[in-house]
Amino acid sequence: MVFSILNTVMLLGAIQGIILSLYIFLSKKHKTLSNLFLALLIVSFSYNIIQSYLHITGIITMEYYFKYFYIPFSSVFMTLFYLYVKYYLYHLEKFQKKDYLFFIPFINDFFVTLIEKIVYALGFYNVIYIKKFDYIKVVLEYFNIFYSIALIILSIKLINRYKKQTKNNFQLIQVLSIRWLKILSYIFLIMGVYWLIPFTIEVFIGNNLETYFYYFLWIALSILIYLLGHFGIYHFGVFQEQKSIHKFSISRTALIQKDTASNIKNENLIEFEKFIKEERNFLDANLSLESVAKKLNINKSYLSRLINSDLEKSFNDYINELRIEEAKTYLEQTEFENYTLLAIGLEAGFNSKTAFNSAFKKFTGVTPSEYKNQKKHLKAD
């Protein structure tokens with residue numbers, strides 16, 4: 001009963017993956033390099049689940065499975081994921097020739113599988129060939145597991161590098177703090193390490209014991225197909241909106257003009273106002289009192305007291321008020337009327353929709369969506 005339910009979950013996940021990948025392939029809106037790798041990744045997940053489903057349910061025999069149906073897509077999973085991460089973060093880059101090198105393990109694996117199928121078809125398959133191919137496949141599979149883990153680690157490093165770049169340059173688009181992408185990478189890392197367990201059992205113990213351990217990977221892949229499709233497509237839409245708002249933002253003059261700080265006598269506060277307002281660093285989602293104090297070479301405690309006494313508000317309130325004024329500008333633009341509040345909040349300097357809603361309600365008394373509707377009604381009148 002339990003395995004029947006798990007098999008159904010596997011099949012539904014694979015079918016959903018095929019539908020999602022077709023949607024990405026056929027949609028003009030989603031035709032980007034990163035989405036191409038996303039769709040290919042989902043397709044490879046789906047096919048791998050289907051071939052496993054047909055095998056473990058007994059719909060096809062072991063011989064038929066390897067003779068006609070089996071394709072070693074597991075060796076290309078993390079290559080596609082790494083390239084998706086790379087071109088999602090650095091969307092302006094074009095595909096580089098050196099990226100083809102990442103597909104070498106899959107090509108090798110596929111070549112060995114193809115030779116095995118040809119030997120099957122020619123009728124040369126015997127005990128000697130079986131042992132030779134089994135040995136080669138075991139070596140390749142272990143290599144693929146460690147290669148996949150290495151690519152996931154490389155993906156995490158790429159995400160961390162991008163995060164540092166956005167921290168040092170707020171003019172780069174901050175993609176939801178790319179937290180979701182990093183969490184996904186760590187999930188893949190756990191799965192990659194776990195992959196060693198069932199495969200090692202299969203090689204050294206056998207007796208179909210590994211099937212029970214493989215179920216975890218198959219179900220996890222079925223769930224990840226949904227997560228990849230949902231997050232990938234959703235965040236792609238948010239990202240496209242961010243780019244439009246970002247262009248509008250950097251083309252604007254500073255929110256607060258230079259003469260706003262002219263009445264402030266304290267030189268440190270003048271520098272602070274200049275750094276935050278004129279240079280528009282309040283749009284940096286990673287901004288903190290500590291980072292500002294370090295940048296201006298001012299004692300953190302002294303700067304905090306200075307802001308509280310002279311500006312009569314806390315550092316966080318001061319920054320959030322500026323961000324809300326920026327967000328209001330976006331919310332009032334007709335061209336951004338149908339944009340998500342998440343994209344608007346991110347570009348205004350908030351690191352989540354929750355933080356944006358909370359701060360906006362605190363300082364205006366209404367939520368961002370209520371404010372947008374109010375402005376829409378005023379324009380209509």
Side-chain angles (χ1 to χ4, degrees), residues 17 20-21 24 32-49 51-52 70-91 93-113 136-165 175 178-200 213-214 216-218 220-229 231-232 235-236:
L20 279 170
S21 56
I24 297 171
T32 63
L33 190 55
S34 63
N35 279 342
L36 171 63
F37 289 120
L38 175 63
L40 289 173
L41 177 60
I42 293 174
V43 165
S44 63
F45 276 172
S46 300
Y47 187 87
N48 193 72
I49 290 172
Q51 64 183 10
S52 298
Y70 176 71
I71 298 175
F73 274 128
S74 58
S75 58
V76 79
F77 286 166
M78 292 305 102
T79 294
L80 294 172
F81 179 70
Y82 169 75
L83 293 174
Y84 168 65
V85 170
K86 178 181 178 181
Y87 291 107
Y88 178 80
L89 297 177
Y90 300 95
H91 60 283
E93 288 189 13
K94 294 182 178 179
F95 187 78
Q96 299 173 351
K97 289 183 179 179
K98 65 180 182 180
D99 288 333
Y100 284 114
L101 297 174
F102 289 109
F103 290 95
I104 290 176
F106 171 69
I107 294 170
N108 289 337
D109 218 351
F110 184 80
F111 184 68
V112 170
T113 303
I136 293 170
K137 286 189 290 186
V138 166
V139 172
L140 286 174
E141 190 76 353
Y142 270 119
F143 173 81
N144 289 331
I145 293 172
F146 287 106
Y147 178 67
S148 296
I149 292 171
L151 281 176
I152 299 167
I153 293 171
L154 202 60
S155 299
I156 294 171
K157 286 185 176 180
L158 196 64
I159 293 167
N160 288 335
R161 188 180 76 182
Y162 184 84
K163 192 173 181 179
K164 285 182 180 178
Q165 289 174 336
V175 193
I178 52 179
R179 192 183 299 117
W180 66 276
L181 203 54
K182 196 168 184 179
I183 291 172
L184 205 58
S185 299
Y186 279 113
I187 292 173
F188 277 129
L189 184 60
I190 293 169
M191 289 175 63
V193 174
Y194 178 84
W195 185 4
L196 284 166
I197 299 172
F199 184 66
T200 302
F213 290 89
Y214 272 124
F216 171 80
L217 288 178
W218 294 328
L221 281 181
S222 301
I223 296 170
L224 280 171
I225 284 173
Y226 170 77
L227 293 177
L228 274 169
F231 282 109
H235 285 290
F236 174 78

For Ser52, what residues pass the side chain to side chain donor-acceptor pair (under 3.5 Å) criterion, not counting sequence neighbours?
Trp218
Taken in chain and number order and not counting sequence neighbours, the residues that satisfy side-chain contact (heavy atoms from CB on, under 4.5 Å) with Ile107 are Phe103
Within a strict 4.5 Å, meaning less than it, do heavy atoms of the Leu224 and Phe188 side chains meet?
yes
Measuring from Met78:CE to Leu154:CG, what's the distance to the nearest 0.5 Å?
12.5 Å
Take Val76 and Phe110, measure what side chain to side chain contact (heavy atoms under 4.5 Å, CB included) needs, and give me the verdict at the end.
CA-CA 10 Å; Val76 79; Phe110 184 80; over 6 Å; no
Counting the benzene-type ring for Trp, do Phe37 and Tyr82 have ring centres under 6.0 Å apart?
no
Around Tyr70, counting heavy atoms of other residues, nucleotides and ligands shown, do more than 12 lie under 6.0 Å from its OH?
yes
Enter the distance from Ile49:CD1 to Ser44:OG here, rounded to the nearest 0.5 Å.
9.5 Å
Partner residues of Tyr142 under the side chain to side chain donor-acceptor pair (under 3.5 Å) criterion, sequence neighbours left out
Thr200
What's the separation between atom CZ in Phe111 and atom OG1 in Thr113, rounded to the nearest 0.5 Å?
11.0 Å
Do Leu101 and Ile104 come within less than 4.5 Å of each other through their side chains, counting heavy atoms only?
yes
Could you grab the distance from atom CZ of Phe199 to atom OH of Tyr194, nearest 0.5 Å is fine?
14.5 Å
For the residue pair Met191 and Leu221, establish whether any side-chain heavy-atom pair is separated by less than 4.5 Å.
yes
Ser34: what forms a side chain to side chain donor-acceptor pair (under 3.5 Å) with it, not counting sequence neighbours?
Thr32
Between Asn144 (side chain only) and Leu140 (backbone N and O only), is there a donor and an acceptor less than 3.5 Å apart?
yes
For a side chain to side chain contact (heavy atoms under 4.5 Å, CB included) check, start with the C-alpha distance between Tyr84 and Leu41, then their side-chain angles and the critical distance, and finish with the verdict.
CA-CA 9 Å; Tyr84 168 65; Leu41 177 60; 5.5 Å; no
Any donor-acceptor pair under 3.5 Å linking the side chain of Thr79 with the backbone of Phe102?
yes
Quick one, Leu89 and Val85 - any side-chain contact, counting heavy atoms below 4.5 Å?
yes
Could you go step by step and tell me if Phe106 and Phe73 meet the side chain to side chain contact (heavy atoms under 4.5 Å, CB included) rule?
CA-CA 7 Å; Phe106 171 69; Phe73 274 128; 4.2 Å; yes
Minimum heavy-atom separation for Ser185 and Ser155, please, with both atom names.
OG-CB, 4.5 Å
From Asn35 atom CG to Tyr88 atom OH, the distance as rounded to the nearest 0.5 Å
9.0 Å
With rounding to the nearest 0.5 angstrom, report the CZ to CG distance, Phe81 to Leu228.
7.0 Å
Shortest non-hydrogen contact from Leu33 toward Lys94
CD2-C, 4.3 Å
Ser46 versus Ile225, closest heavy-atom pair with distance:
OG-CD1, 3.6 Å
Any residue meeting side chain to side chain donor-acceptor pair (under 3.5 Å) with Tyr87, in chain and number order, not counting sequence neighbours:
Asp99
For Asn160 and Ile156: C-alpha separation, side-chain torsions, deciding distance, then whether side chain to side chain contact (heavy atoms under 4.5 Å, CB included) applies.
CA-CA 6 Å; Asn160 288 335; Ile156 294 171; 3.7 Å; yes
Taking all non-hydrogen atoms of both residues into account, name the closest pair between Ser74 and Asn48 and its distance.
N-OD1, 4.3 Å
Quick one: which residue pairs count as a salt bridge (charged side-chain N to carboxylate O under 4.0 Å, His left out) with a foot in residues 182-194, not counting sequence neighbours?
none
Nearest atoms (heavy-atom pairs only) where Ser21 meets Ala39
CB-O, 3.7 Å
